[in-house]
Amino acid sequence: MSWAILVWKMIVLRKNIKSSDIFIKSFWDSRSLNDLNSRLGDYAPSPAKEVFRTGYAELVRGSQLKESLPNSSLAISAAMENINRSLGKAKRLERKKLETFLPLLATIASAAPFIGLFGTVWGIMGSFEGIARSGSASLAAVAPGISEALIATAFGLAAAIPAVVAFNTANARIRNLTGSLDGFTMDFLNIVGRYLVSDRKAAGSNQAPI
């Protein structure tokens, strides 16, 4: 299980990082946010894509709020706060998805050596029982118990070592990806803020002309 999670986690994180990088590049290459939103189906699932989808949906609602309220300053402030909260919530949800199985890896990394140690103690107890039955400390009497002890230790380390490697590597990659998402959301908020304070009107009731 430890090795399987290690391989699966590295593949999933690599895929998410690559997909997010592609989407963020397309974000800057697109003519407008509306244009990018209309082409969301062309992009592979990624944390950046989901954050953008959430932010754009809140932007549309904020644009409608700006149109309906007489106090535009209050509407802009409320819309920006709502968008910021929505983006924050989306980032937390994406991070939670990325951290799937990390608690299990941490548990394996901390518990497996002790389970191996328990097996070692059990094997040594078997060796003493062999000595007691045979009445001598010959290799034939102690070898079965010692071999069991060594096998238990090896299995414990074989589970714990990859779990530690996977946990630390995954955490580092998740931190890098969430850092990239933080920068992406700040850029998104800057663009949205410039739009909301401008005098341009929303083109239609369900889309933001940006």
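Along the sequence shown, the residues carry numbers beginning at 1. We use all heavy atoms of the structure for the numbers below, so side chains are in, but hydrogens, waters and symmetry mates are not.
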Quiz item: Does any non-hydrogen side-chain atom of I108 lie less than 4.5 Å from one of F167?
Solution: no

Self-check item: Distance (rounded to the nearest 0.5 Å) between D42 CG and F23 CZ
Solution: 10.5 Å

Self-check item: Minimum-distance pair of heavy atoms, taken over all atoms of L157 and P162
Solution: O-CD, 3.9 Å

Quiz item: With hydrophobic residues grouped by side-chain heavy-atom distances under 4.5 Å, do L36 and V51 end up in a single group?
Solution: yes

Quiz item: Taking C-beta and beyond as the side chain, do L104 and M1 meet within less than 4.5 Å on heavy atoms?
Solution: yes

Exercise. Starting at OG1 of T169, measure out to CE of M10 and round the result to the nearest 0.5 Å.
Key: 5.5 Å

Self-check item: Any L150 side-chain heavy atom under 4.5 Å of F155 side chain
Solution: no

Quiz item: Are I5 and V12 connected in the hydrophobic side-chain network, where two residues link if heavy atoms are under 4.5 Å apart?
Solution: yes

Exercise. Without swapping roles, check the side chain of T178 against the backbone of R175 for a donor-acceptor pair under 3.5 Å.
Key: yes

Self-check item: Any donor-acceptor N/O pair, S2 side chain to A159 backbone, under 3.5 Å
Solution: yes

Quiz item: Where is the tightest heavy-atom contact between A152 and T120, given as atom of each residue plus distance?
Solution: CB-N, 3.9 Å

Quiz item: Under the side chain to side chain donor-acceptor pair (under 3.5 Å) criterion, do S86 and T54 qualify, and how do the steps go?
Solution: CA-CA 7 Å; S86 296; T54 301; over 6 Å; no

Quiz item: Does I17 reach the side chain of N176, with side-chain heavy atoms less than 4.5 Å apart?
Solution: no

Self-check item: Side chain K9, main chain T100, donor-acceptor under 3.5 Å
Solution: yes

Self-check item: Rounded distance (nearest 0.5 Å) linking atom CG of L177 with atom CG of D21
Solution: 8.0 Å

Quiz item: At what distance, to the nearest 0.5 angstrom, does OG of S20 lie from NZ of K25?
Solution: 15.0 Å

Quiz item: Is K49 reaching over with its side chain to a backbone N or O of L40, donor-acceptor style, under 3.5 angstrom?
Solution: yes

Quiz prompt | L59 side, atom CG; L189 side, atom CG - distance, nearest 0.5 Å | solution = 10.0 Å

Practice problem: Could you tell me which non-hydrogen atom of A48 sits nearest to which non-hydrogen atom of I24, and how far apart they are? | Solution: CB-CG1, 3.9 Å

Quiz item: When you measure from the side chain of S32 to the backbone N and O of D35, does any donor-acceptor pair fall under 3.5 Å?
Solution: yes

Exercise. Say whether L33 and Y43 are linked into one hydrophobic cluster, either directly or through other cluster members, by side-chain heavy-atom distances under 4.5 angstrom.
Key: yes

Practice problem: Verify the cluster assignment for V192 and W28: are they in a single hydrophobic cluster under the rule of side-chain heavy atoms below 4.5 Å apart? | Solution: yes

Quiz prompt | Taking every non-hydrogen atom, the tightest pair across S46 and S19 | solution = CB-CB, 3.5 Å

Quiz prompt | Under 3.5 Å: donor-acceptor pair, side chain of W3, backbone of A163 | solution = no

Quiz prompt | Side-chain donor-acceptor contact under 3.5 Å, R39 with S26 | solution = no

Quiz item: Atom OH in Y56, atom CG in L87: separation rounded to 0.5 Å?
Solution: 14.0 Å

Practice problem: Give a yes-or-no answer on whether the side chains of R85 and N82 include a donor-acceptor pair shorter than 3.5 Å. | Solution: yes

Quiz item: Considering all heavy atoms of both residues, which atom of D182 and which atom of T185 are nearest to each other, and what is their separation?
Solution: O-OG1, 2.8 Å

Quiz item: Can you tell me if N190 uses its side chain to pair, donor with acceptor, with the backbone of M186 under 3.5 Å?
Solution: yes

Self-check item: Salt-bridge criterion met for K97 and E94 (N-O under 4.0 Å)
Solution: yes

Quiz item: Quick one: do V60 and M80 end up in the same hydrophobic cluster if we chain Ile, Leu, Val, Met, Phe, Trp and Tyr together by side-chain heavy atoms under 4.5 Å apart?
Solution: yes

Quiz item: Is K96 salt-bridged to E99, cutoff N-O under 4.0 Å?
Solution: no

Quiz item: For K15 and K18, what are the C-alpha separation, side-chain angles and deciding distance, and is it a side chain to side chain contact (heavy atoms under 4.5 Å, CB included)?
Solution: CA-CA 5 Å; K15 181 179 179 182; K18 182 179 179 181; 6.0 Å; no

Quiz item: Got N37 and F52 here, is their nearest side-chain heavy-atom distance under 4.5 Å?
Solution: yes

